[in-house]
Structure formats: structure tokens, C-alpha cells
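Here is the structure we will look at, set down as C-alpha cells.
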Amino acid sequence: GAVVSQHPSRVICKSGTSVKIECRSLDFQATTMFWYRQFPKQSLMLMATSNEGSKATYEQGVEKDKFLINHASLTLSTLTVTSAHPEDSSFYICSARVVEETQYFGPGTRLLVL
Amino acid sequence: EDKVVQSPLSLVVHEGDTVTLNCSYEVTNFRSLLWYKQEKKAPTFLFMLTSSGIEKKSGRLSSILDKKELFSILNITATQTGDSAVYLCAVGPGTYKYIFGTGTRLKVLA
């Protein structure tokens with residue numbers, strides 16, 4: 001199946017700093033990528049849809065100035081958590097739409113904000 | 001409001017048992033329903049269902065969709081400890097976005 005990578009796999013940062021998470025499609029081009037957030041023992045919550053070459057579409061309740069998404073190429077989307085706070089600590093997962101409705105997930109990034 | 005509900009929330013069985021996981025949904029402009037298995041990290045894709053009544057099968061796992069009654073089931077036969085995971089159901093409401101259910105946490109005891 002299609003391979004999606006994320007970097008870093010885990011990051012610890014101080015409150016107030018910004019953190020960038022990369023999502024790459026390794027063996028295919030992805031015009032659409034998705035960013036999800038998952039709290040412990042909870043399901044995935046879609047944060048935004050990232051389209052190559054255009055602005056991301058954010059879900060209701062997700063602050064676009066807080067979670068900056070850039071999809072500058074067909075193989076890379078980035079999520080930047082700006083001025084991170086402890087409540088932003090979570091597991092962030094990206095996915096890429098391959099064909100039809102199928103999407104493949106990256107391995108996720110665990111963020112801990114101290 | 002679109003929603004996806006999975007049941008049961010958790011399940012403990014013994015190796016060799018058969019389990020049935022349920023996913024019901026209410027979404028506008030249904031396109032597809034997907035099943036994922038999530039162990040410690042990101043979900044891995046299992047099945048995509050778009051048509052009613054057509055069973056998808058992969059080894060001991062199978063799934064079927066009922067678009068009239070708005071639900072899908074995921075069956076796992078002869079369960080093994082390696083089947084222990086959270087099983088997620090996601091429904092695409094027609095705009096390439098996916099709404100995930102709460103998941104069913106399955107634990108298979110040796």
C-alpha cells in the first residue's frame with residue numbers, strides 16, 4: 001500500500017514555542033492530505049483538509065491561526081502548532097487520499113507541551 | 001449533524017471466538033464507509049465499502065454494508081491475540097472528508 005511518513009514521531013517542547021510536523025507521501029503524489037488529532041482512548045478528530053497549492057479547509061472549532069497548514073508540494077504537507085500550550089498535547093496524525101475514498105495514514109506525531 | 005456510532009465500545013473475548021463489530025451512521029450524501037485497525041500508532045486500512053450487500057473479505061476478517069439501514073458490520077472469526085486493537089469505522093459524506101466513530105476496543109485473551 002501507499003506509504004505516508006511523518007516527522008518527528010514525537011516532540012517535547014516548552015509552552016509558547018512553535019512546533020512543525022511534516023507529512024510526506026513517499027511513493028505517490030497526494031493532492032489532498034488530512035490532519036487529525038487524537039486524544040487518549042478517543043477517536044480521530046479531523047482538524048483540516050490540506051489541498052496542494054491552496055488554503056487549507058479547517059473544521060469548525062479549529063483555530064486556523066493556531067494550527068497553520070501548508071501544502072506546498074504534491075508530496076509534503078506541514079502542520080505548525082503555534083505558541084503551543086499544554087492543552088495542545090496530543091497525537092497528531094496525517095493521512096493522504098490515494099484513490100477514490102481510500103486514505104493512508106502516517107505513523108503519527110506525539111506532541112507533549114510542558 | 002453527521003455522526004458515526006460504533007458498538008460495543010469495548011469487547012473482551014478468548015482466542016478462537018468470533019466477534020461482530022457494529023457501525024451505524026447518519027451522514028448527508030454518503031459515499032463510502034471505511035474500516036481501520038489501530039494498534040499503538042496510526043490506523044491501518046482494512047476495507048472500503050460503497051455498495052450494499054456485497055461482502056468484502058480478507059482472511060479472517062469480513063465486512064458488509066447495509067445502506068438502507070445505515071450500518072455496517074465487521075466480523076472477525078477465529079480471533080487471535082494479534083487482533084487486539086481499536087477498530088475504527090469512518091464514513092465519507094461526499095466531500096472527501098471522513099467522520100470517524102468512537103471505535104471499538106477489542107481485547108483477545110490467550
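Order of the sequence lines sets the chain letters (A, B, ...), proteins ahead of strands, with each chain counted from 1.
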Handout entry: Winner by heavy-atom pair count (cut-off under 4.5 Å) against chain B, out of A/M45, A/Q6, A/Q38
Key = A/Q38
Exercise for the section: Just say parallel, tilted or perpendicular for the rings of B/F100 and A/F105, cut-offs at 30° and 60°. Expected result: perpendicular
Practice task
Indicate if B/L33 and B/V4 have the same hydrophobic cluster label, given that clusters are the connected sets of ILVMFWY residues with side-chain heavy-atom separations under 4.5 angstrom.
Solution key: yes
Exercise for the section: Look at the side-chain heavy atoms of Ile, Leu, Val, Met, Phe, Trp and Tyr, link any pair under 4.5 Å apart, and say whether B/L70 and B/I99 land in one connected group. Expected result: yes
Handout entry: Residue pair B/L88 / A/S43: nearest heavy atoms and the distance that separates them
Key = CD2-OG, 3.6 Å
Handout entry: Contacting region of A/I93 [heavy-atom separation from chain B under 4.5 Å]
Key = side chain
Practice task
Is it possible for you to say whether B/L49 and B/L21 belong to one hydrophobic cluster, with membership spreading through side-chain heavy-atom contacts below 4.5 Å?
Solution key: yes
Handout entry: Transitive ILVMFWY side-chain link B/I76 to B/F47, under 4.5 Å
Key = yes
Problem - Closest-packed option against chain A by number of heavy-atom pairs under 4.5 Å, given B/G103, B/G101, B/P43 - result: B/P43
Exercise for the section: Identify which part of B/Q6 has an atom lying under 4.5 Å from any heavy atom of chain A, answering side chain, backbone, both or neither. Expected result: neither
Practice task
Using a cut-off of 6.0 Å, state whether more than 12 heavy atoms not belonging to A/K64 lie near its atom NZ.
Solution key: no
